[in-house]
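Input: a single structure, listed below in structure tokens.
Only this structure's heavy atoms are used, side chains among them; waters, hydrogens and symmetry mates stay out. Start at 1 and go down the list; that is how both ligands and their atoms are numbered.
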Amino acid sequence: ASKSAGRGRATTFEESMLQDRRRVRYLQRELRAAIYLDHLELHYQPVVDAQKQVKGFEALVRWRHPVRGLIPPIEFIPVAESSTLIDLLGEWVFTRACQDLARLGHLNVSINVSGEQLKRDNLVAMTERVLQQTGCAPQRIVYEITETAATDATPDVLRRLNKLRAMGIRLALDDFGTGHCGFNYLKTLPIDVIKIDRSYISNLGKDRLAQVLVSALTEVGRIQGISVVAEGVETDEDFQLAKAAGCDRFQGYAIARPQPLEQIDLSRIGGMLAEAS
Ligand code: C2E
Ligand code: MG
Ligand code: MG
Ligand code: MG
């Protein structure tokens, strides 16, 4: 494109690509700084059993931007994933979660791990190092990986997953139903928990097929010793239907929203007190 074309003309494809790349690079720089400046936060969403007793929490990252306010992960995780910045972010998240663990009673914490982190050796070494530095028990940690990352797993990725599991960390298959995981995968993947995607849970009341699929999955889970979590439980009806379909854990706005650690009132979490005593 020539300079004389001036302003106002349509930007060419190459130009918009260039602008996208600049925007991504700018965001990457800003995010890197945010990690070092501790402008990230973890919010925790409770996971409950069929009696609504809290059994654990999922850690969800947010970016507290000085100008733009609280930015949800969907807006910056993909940016981090387009470079090794996701490793740095993953380490920040894991370290903070381990530090917070002491303030979450004896309950488990689930941490989202990007499929990109699994592609490098770094993850296992980082996990070992942070566990040692923080003195955190690996038995209280669940790593959530997406169904797609799991089904696309190369032998190297599988080796890493098995290594993490051998260290005592449990593995959950996140957003189950959005990828292409066949039932036979469930026999071979080294997983302890399946989290059924919200799209299935919200359809339980409307769609007979969703009911049949979720029931079949919880049946497989029982046989394989895999716990099945209903994600995105937004109404009491969702909760009742997911319970009827055999799910053993529940997470969603109808139970509790993700919240900063300071706002979690452990004295109100009955299950914790009952179990701790
Ligand atoms: P996810 O792991 O599937 O997390 C569940 C998402 O659903 C969270 O969104 C949560 O706030 C939201 N949610 C919970 N209950 C309900 C509900 O009843 N209804 C609806 N509509 N949504 C509900 P959030 O926090 O915006 O996170 C979005 C995604 O970003 C996560 O999906 C996860 O894939 C990713 N993510 C979050 N934190 C991290 C992190 O520390 N590392 C990595 N790699 N990814 C993360
Ligand atoms: Mg998750
Ligand atoms: Mg999920
Ligand atoms: Mg999700």
Could you tell me which atoms of ligand 1, counted from 1 in the order shown, lie closer than 4.0 angstrom to a heavy atom of Ser114? 44 (N)
Between Tyr253 and ligand 1, is there a nitrogen or oxygen pair with a distance under 3.5 Å? yes
Just heavy atoms, cut-off under 4.0 Å: does Thr146 contact ligand 1 by side chain, backbone, both, or neither? neither
Look only at interatomic distance and state if Ile74 has a nitrogen or oxygen under 3.5 Å from any nitrogen or oxygen of ligand 1. no
Is the CZ atom of Arg159 crowded by more than 12 outside heavy atoms at less than 6.0 Å? yes
Determine whether the side chain, the backbone, both or neither of Val61 has a heavy atom under 4.0 Å from any heavy atom of ligand 1. both
The Mg ion (ligand 3) - name of the N/O/S atom of Asp174 that sits closest to it: OD1
Looking at Tyr253, does the NZ or CZ of Arg257 lie under 6.0 angstrom from its six-membered ring centre and within 45 degrees of the ring axis? yes
Tell me, with the steps shown, if Asp38 and Arg96 meet salt bridge (Lys or Arg N to Asp or Glu O under 4.0 Å). CA-CA 10 Å; Asp38 243 11; Arg96 177 55 56 85; 3.2 Å; yes
Donor-acceptor contact present, side-chain Tyr200 to main-chain Val214, <3.5 Å: no
Find all atoms of ligand 1 within a distance of less than 4.0 Å from any non-hydrogen atom belonging to Gln45, and give their numbers and elements. 14 (C), 15 (N)
Do other residues, nucleotides or ligands put more than 12 heavy atoms under 6.0 Å from Lys52 NZ? yes
Just to be sure I read this right, does ligand 1 sit under 4.0 Å from the backbone of Val93, its side chain, both, or neither, counting only heavy atoms? side chain
Show me which atoms of ligand 1 lie under 4.0 Å from any heavy atom of Gly252. 15 (N), 18 (O)
Quick check on the Mg ion (ligand 2): does Asn112 put an N/O/S atom closer than 2.8 Å to it? yes
Please work out, at 4.0 Å between heavy atoms, whether the side chain, the backbone, both, or neither of Pro73 comes within that distance of ligand 1. side chain
Please find the N/O/S atom of Glu231 nearest to the Mg ion (ligand 3) and write down its name. OE2
Ligand-side contact atoms (ligand 1) for residue partner Pro258, heavy atom cut-off under 4.0 Å: 11 (O)
Whether Arg103 side chain and Leu261 backbone form a donor-acceptor pair below 3.5 Å: no
Less than 4.0 Å is my threshold; does some heavy atom of Gly232 fall inside it relative to ligand 1? yes
Ligand 1 N/O within reach of Gln251 N/O, cut-off under 3.5 Å: no
Which residue in the set Val142, Leu104, Leu42 passes side chain to side chain contact (heavy atoms under 4.5 Å, CB included) when paired with Val109? Leu104
Ile74 CD1: over 12 foreign heavy atoms closer than 6.0 Å: no
Which of the N/O/S atoms in Glu58 sits closest to the Mg ion (ligand 2)? OE2
Element-labelled atoms of ligand 1 that are located less than 4.0 Å from some non-hydrogen atom of Val233: 18 (O)
Nearest heavy atom to atom 25 (O) of ligand 1: which of His43, Glu231, Arg62 does it belong to? Arg62
Taking 2.8 Å as the cut-off, does Glu144 contribute an N, O or S atom near the Mg ion (ligand 3), distance below it? no
If only atom types and distance count, is the side chain of Asp175 paired as donor or acceptor with the main-chain N or O of Asp197 below 3.5 Å? no
What residues form a side chain to side chain contact (heavy atoms under 4.5 Å, CB included) with Arg32, not counting sequence neighbours? Tyr36, Leu85, Leu88
Heavy atom under 4.0 Å from ligand 1: found in Arg257's side chain, backbone, both, or neither? neither
Could you tell me whether Phe94 and Tyr143 have their ring centroids closer than 6.0 angstrom? yes
By atom name, which N, O or S atom of Asp175 is the nearest to the Mg ion (ligand 3)? OD1
Expected output: side-chain Thr146 to main-chain Ala149 donor-acceptor under 3.5 Å: yes
Should Leu101 and Arg140 count as side-chain neighbours, where that means a heavy-atom distance under 4.5 Å? yes
With a heavy-atom distance limit of 4.0 Å, tell me whether Ile111 approaches ligand 1 through its side chain, its backbone, both, or neither. neither
